[in-house]
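Report on the following structure.
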Amino acid sequence: DGPPPGRPVDPTTIAAESATHAEEVVRLVGALLDRWATDPAPVLRAGGLGTRELRRTATHLGLDPATTALVVEVAGAAGLVLEDGDDTPHLAPSSDGEQWARDPLPDRWEEIAQAWLASERAAWLVGTRDDTGTLRAALDPEA
C-alpha cells in the first residue's frame, strides 16, 4: 500500500506541537480551578453543570462551550473538581485539585492525560439531547 498520503512531518515538530498543546490543556484546567475556587459553579438539581454556567465559564476561559465542556470533563475525570456538599451544591476544586495546581507541569499533564484516557465520559455529547429530550450537561451524573 505504501506510505500514507501527505508530506512527512519532522518528529521534532510533532513533539514541540504536542508539548505546546499539553501545556495549553494544563493552563486551561488550572484557569478553571482558579475560577471555581473564587466563584464556584452552581450544580443543576439533576446534577452537572448547566448550559448558562458552561457559557459563563467558556467566556471566562476565552473558549467556545464545546471546548469548555471538554476542559470541565477532563477536570472532573481527574477528580480535580467536585460538588462541595453544601445544601445548594456548587462545583469547586477538590483537595486533589489544590494539590495538582502545586505539582510540576509534567506531573499535572500526566494526571490529566491518564484520567481522560481512563474516562468513559463523552464530552462531545454535552449540549445535545438524550432519547427523552433532556439536555445533556457537563459532569452530568447520568452521562
Side-chain angles (χ1 to χ4, degrees), residues 4-143:
R7 64 180 176 79
V9 178
D10 180 11
T12 57
T13 300
I14 294 170
E17 287 294 318
S18 298
T20 297
H21 290 289
E23 288 176 6
E24 180 65 1
V25 171
V26 169
R27 184 192 71 75
L28 290 169
V29 170
L32 175 71
L33 296 179
D34 289 346
R35 166 74 178 197
W36 287 358
T38 59
D39 188 16
V43 175
L44 297 170
R45 273 189 289 243
L49 183 68
T51 303
R52 184 178 303 131
E53 189 59 35
L54 181 66
R55 282 194 306 261
R56 281 185 45 198
T57 302
T59 299
H60 177 78
L61 296 177
L63 301 171
D64 61 88
T67 304
T68 303
L70 179 61
V71 171
V72 168
E73 289 285 350
V74 166
L80 304 177
V81 295
L82 297 171
E83 288 187 24
D84 59 12
D86 288 348
D87 289 337
T88 306
H90 288 79
L91 291 164
S94 65
S95 58
D96 289 344
E98 292 169 4
Q99 176 57 49
W100 175 88
R102 293 187 294 271
D103 289 343
L105 183 103
D107 293 348
R108 286 181 280 160
W109 166 243
E110 181 181 11
E111 188 169 342
I112 289 170
Q114 286 182 352
W116 185 244
L117 286 171
S119 175
E120 295 182 7
R121 305 217 21 113
W124 61 89
L125 293 176
V126 171
T128 65
R129 298 199 178 270
D130 65 15
D131 293 339
T132 65
T134 304
L135 197 62
R136 290 181 178 100
L139 299 178
D140 182 342
E142 300 296 317

Practice item. Applying side-chain contact (heavy atoms from CB on, under 4.5 Å) between Val81 and each of Asp96, Leu49, Leu33, report the one that passes. Key: Leu33

Exercise for review: Would you mind telling me which of Thr67, Val72, Thr68 makes a side-chain contact (heavy atoms from CB on, under 4.5 Å) with Leu61?
Suggested key: Thr68

Is any side-chain heavy atom of [X] closer than 4.5 Å to a side-chain heavy atom of [Y]?
{"X": "Glu111", "Y": "Leu80", "result": "yes"}
{"X": "Arg136", "Y": "Val126", "result": "no"}
{"X": "Thr20", "Y": "Glu24", "result": "no"}
{"X": "Val25", "Y": "Trp116", "result": "no"}

Practice item. Evaluate the criterion side chain to side chain contact (heavy atoms under 4.5 Å, CB included) for residue pair Val29 and Trp109; output intermediate values, then yes/no. Key: CA-CA 10 Å; Val29 170; Trp109 166 243; over 6 Å; no

Review point. Using 4.0 Å as the upper bound for N to carboxylate O, is an ion pair formed by Arg56 and Glu53?
Key: yes

Checking the side chain of [X] only, and the main-chain atoms of [Y] only, is there a donor and an acceptor separated by less than 3.5 Å?
{"X": "Asp86", "Y": "Pro89", "result": "no"}
{"X": "Ser94", "Y": "Leu82", "result": "no"}
{"X": "Ser119", "Y": "Ala115", "result": "no"}
{"X": "Arg121", "Y": "Ala138", "result": "no"}

List the atom of [X], the atom of [Y], and the distance in Å for their closest heavy-atom pair.
{"X": "Pro65", "Y": "Arg55", "result": "CG-CG, 4.2 Å"}
{"X": "Pro141", "Y": "Ala46", "result": "CG-O, 3.5 Å"}
{"X": "Gly47", "Y": "Ala137", "result": "O-CB, 4.4 Å"}

Can you tell me how far apart [atom1] ([X]) and [atom2] ([Y]) are? Round to the nearest 0.5 Å.
{"X": "Arg108", "Y": "Gln99", "atom1": "CZ", "atom2": "CD", "result": "11.0 Å"}
{"X": "Asp84", "Y": "Leu91", "atom1": "CG", "atom2": "CG", "result": "8.0 Å"}
{"X": "Leu135", "Y": "Thr128", "atom1": "CG", "atom2": "OG1", "result": "7.5 Å"}
{"X": "Trp36", "Y": "Thr57", "atom1": "CH2", "atom2": "OG1", "result": "5.5 Å"}
{"X": "Arg27", "Y": "Leu32", "atom1": "CZ", "atom2": "CG", "result": "11.5 Å"}
{"X": "Leu139", "Y": "Glu73", "atom1": "CG", "atom2": "CD", "result": "4.5 Å"}

Review point. Which residues satisfy the salt bridge (charged side-chain N to carboxylate O under 4.0 Å, His left out) test with Arg35, sequence neighbours excluded?
Key: Asp39

